[in-house]
Amino acid sequence: MAQPRILILGAPGAGKGTQSAKIADHFDVEHVTTGDALRSNKEMDISDLGLEYDTPGEYMDAGELVPDEVVNAIVDEALSQSDGFVLDGYPRNLEQAEELEGMTDLDVVLYLDVSEDELVHRLTGRRMDPETGDIYHLEYNPPEDAEVEDRLVQREDDAEDTVKERLRVYRENTEPVIEYYEEEGSLERVDGEQAPDEVWEDVKVTIEDAA
Ligand code: AP5
């Protein structure tokens, strides 16, 4: 199979990052993630856009979307440099979905389906290893190594109030994107509420069948 071009959609906490890491490894494609790209550029000066905030970080810590101008440029640049990819975190509104259409074709559009109660539980319990970037969960997936456990940190936007705002922004802006791909007939739903390995089995088979 040629390197597939995969889009992974889902609410905050649905497991996009967890599954994208497995996809990138197994299918030998690049993991293009707007969340990580923006976290690495939280202090970037975007004051010349004359919008509400002057840096991406201020939007992220408030649980709001970073302006399309900034995110579109990041994705366009990243996709132009990769043959196959798994795109995670974009598009998050209909304008971005239209922009993406002009950038590339997609082989598979995956949607990880998870209920809202479970999303809140996953996000507030998520911890990251700052040295490796690995994602853990205090209850579902704690590290085995005590040294790793001691250095885990919580993402600033995983505080409960910000999580609620992120889910509200998701419902308002990103659910229409799910409907857009559903109406187009390209959306492949995966039950994201299963254990991570079971989700991965379904994700792998869906990509192999569709790509
Ligand atoms: P981003 O980093 O993209 O965050 P997100 O979409 O909110 O998604 P998350 O990373 O929180 O969740 P995930 O689905 O990857 O879940 P994970 O695998 O970690 O974006 C952050 C911010 O950047 C946005 O709020 C916005 O401000 C900005 N931004 C990004 N893209 C943008 C765009 N296109 N336009 C504008 N602004 C943009 O899993 C979560 C937890 O659950 C983990 O602890 C994990 O261990 C656990 N877990 C995973 N799978 C399972 C499972 N099957 N069972 C049990 N636990 C599980």
Side-chain angles (χ1 to χ4, degrees), residues 4-17 19-20 23 29-39 41-42 44 46 48-53 55-82 84-116 118-120 123 157 162-192 203 206-207 210-211:
R5 291 160 296 183
I6 301 156
L7 173 61
I8 189 162
L9 297 167
K16 301 181 299 295
Q19 296 301 324
S20 292
I23 293 171
V29 292
E30 187 156 347
H31 181 192
V32 177
T33 152
T34 48
D36 285 356
L38 290 167
R39 270 184 288 282
N41 291 283
K42 275 186 104 171
M44 185 168 70
I46 54 171
D48 56 331
L49 296 176
L51 298 170
E52 190 180 1
Y53 299 122
T55 62
E58 288 171 89
Y59 287 93
M60 298 170 84
D61 292 346
E64 292 176 27
L65 297 184
V66 175
D68 288 352
E69 296 95 311
V70 177
V71 186
N72 291 341
I74 289 174
V75 174
D76 198 14
E77 168 76 9
L79 296 190
S80 71
Q81 291 174 11
S82 54
F85 55 80
V86 51
L87 178 58
D88 158 15
Y90 182 98
R92 270 181 139 90
N93 58 32
L94 287 173
E95 291 74 21
Q96 292 182 8
E98 281 165 21
E99 194 75 21
L100 180 62
E101 261 193 35
M103 290 182 208
T104 186
D105 292 329
L106 298 166
D107 296 309
V108 193
V109 181
L110 293 168
Y111 169 59
L112 300 181
D113 202 355
V114 177
S115 66
E116 183 146 337
E118 175 70 7
L119 294 171
V120 173
L123 290 171
D157 61 350
T162 314
V163 163
K164 288 193 178 138
E165 177 60 10
R166 286 165 63 199
L167 290 172
R168 189 197 65 73
V169 168
Y170 171 81
R171 278 193 299 273
E172 188 175 311
N173 294 275
T174 315
E175 278 185 357
V177 174
I178 311 297
E179 285 158 25
Y180 170 89
Y181 288 108
E182 186 138 67
E183 277 167 23
E184 194 187 78
S186 56
L187 196 76
E188 303 281 353
R189 277 176 191 271
V190 171
D191 176 3
V203 162
T206 306
I207 295 171

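The model shown is predicted, which means the values in this text are computed figures rather than measured ones. Computed over heavy atoms, backbone and side chain alike; hydrogens, waters and symmetry mates excluded.
Side chains of Glu118 and Ser115: a donor-acceptor N/O pair is absent below 3.5 angstrom, by distance only.
Contact record, Lys16 with Ala11: NZ-O, 3.0 Å, taken as the closest heavy-atom pair. Taking both residues in full, the closest heavy atoms of Thr34 and Gly89 are given as OG1-O, 3.0 Å, listed atom of the first, atom of the second, then distance. Nearest heavy-atom pair, Glu77 versus Gln81, reported as atom, atom and distance to 0.1 Å: OE2-NE2, 2.7 Å. Taking all atoms of both residues into account, the shortest heavy-atom contact from Leu7 to Tyr90 is CD1-O, 3.0 Å. A pairwise comparison of heavy atoms in Ala78 and Val32 identifies CB-CG1, 3.7 Å as the closest pair. Across all their heavy atoms, Tyr180 and Leu94 have their closest contact at CB-CD2, 3.9 Å.
Side chains of Val70 and Leu49 form a contact here, defined as non-hydrogen atoms less than 4.5 Å apart. Under the 4.5 Å side-chain criterion, counting only non-hydrogen atoms from C-beta, Leu51 is in contact with Tyr59. Proximity of Leu106 to Ser186: side-chain heavy atoms (C-beta onward) are nowhere separated by under 4.5 Å. Counting only heavy atoms from C-beta outward, the side chains of Met60 and Val66 approach each other to under 4.5 Å. A 4.5 Å side-chain heavy-atom check between Leu119 and Pro12 finds every atom pair outside the cut-off. Within the 4.5 Å cutoff, no side-chain heavy atoms of Leu87 are placed close to those of Thr104.
Listed by chain and number, the residues in a salt bridge (charged side-chain N to carboxylate O under 4.0 Å, His left out) with Glu172 are Arg168 (sequence neighbours excluded). With sequence neighbours excluded, no residue satisfies ring pair (Phe, Tyr, Trp, His ring centres under 6.0 Å) with Tyr181.
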Q: Step by step, work out the side chain to side chain contact (heavy atoms under 4.5 Å, CB included) result for Tyr53 and Glu64.
A: CA-CA 11 Å; Tyr53 299 122; Glu64 292 176 27; 4.0 Å; yes

Q: Tell me, with the steps shown, if Leu112 and Ile8 meet side chain to side chain contact (heavy atoms under 4.5 Å, CB included).
A: CA-CA 8 Å; Leu112 300 181; Ile8 189 162; 3.9 Å; yes

Q) Does the side chain to side chain contact (heavy atoms under 4.5 Å, CB included) test come out yes or no for Glu99 and Asp68, once each step is laid out? A) CA-CA 10 Å; Glu99 194 75 21; Asp68 288 352; over 6 Å; no

Q: Kindly indicate, with the supporting measurements, whether the criterion side chain to side chain contact (heavy atoms under 4.5 Å, CB included) is fulfilled by Lys42 and Asp61.
A: CA-CA 10 Å; Lys42 275 186 104 171; Asp61 292 346; 3.0 Å; yes

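For the atom pair CG (Leu110) and CG (Leu187), the distance works out to 8.5 Å, reported to the nearest 0.5 Å. Taking CZ from Arg189 and CD1 from Ile178, the interatomic distance works out to 8.0 Å, rounded to the nearest 0.5 Å. Here the CD-CD1 distance, from Glu52 to Ile46, works out to 10.5 Å after rounding to the nearest 0.5 Å. Distance check: Arg39 CZ to Asp157 CG gives 6.5 Å after rounding to the nearest 0.5 Å. Between the CZ atom of Arg5 and the CG atom of Leu79 there is a distance of 10.5 Å, given to the nearest 0.5 Å. Going from atom CG of Asp36 over to atom CD1 of Ile74 covers 11.0 Å, rounded to the nearest 0.5 Å.
Between the Asp76 side chain and the Asn72 main chain, no donor and acceptor come within less than 3.5 Å of each other.
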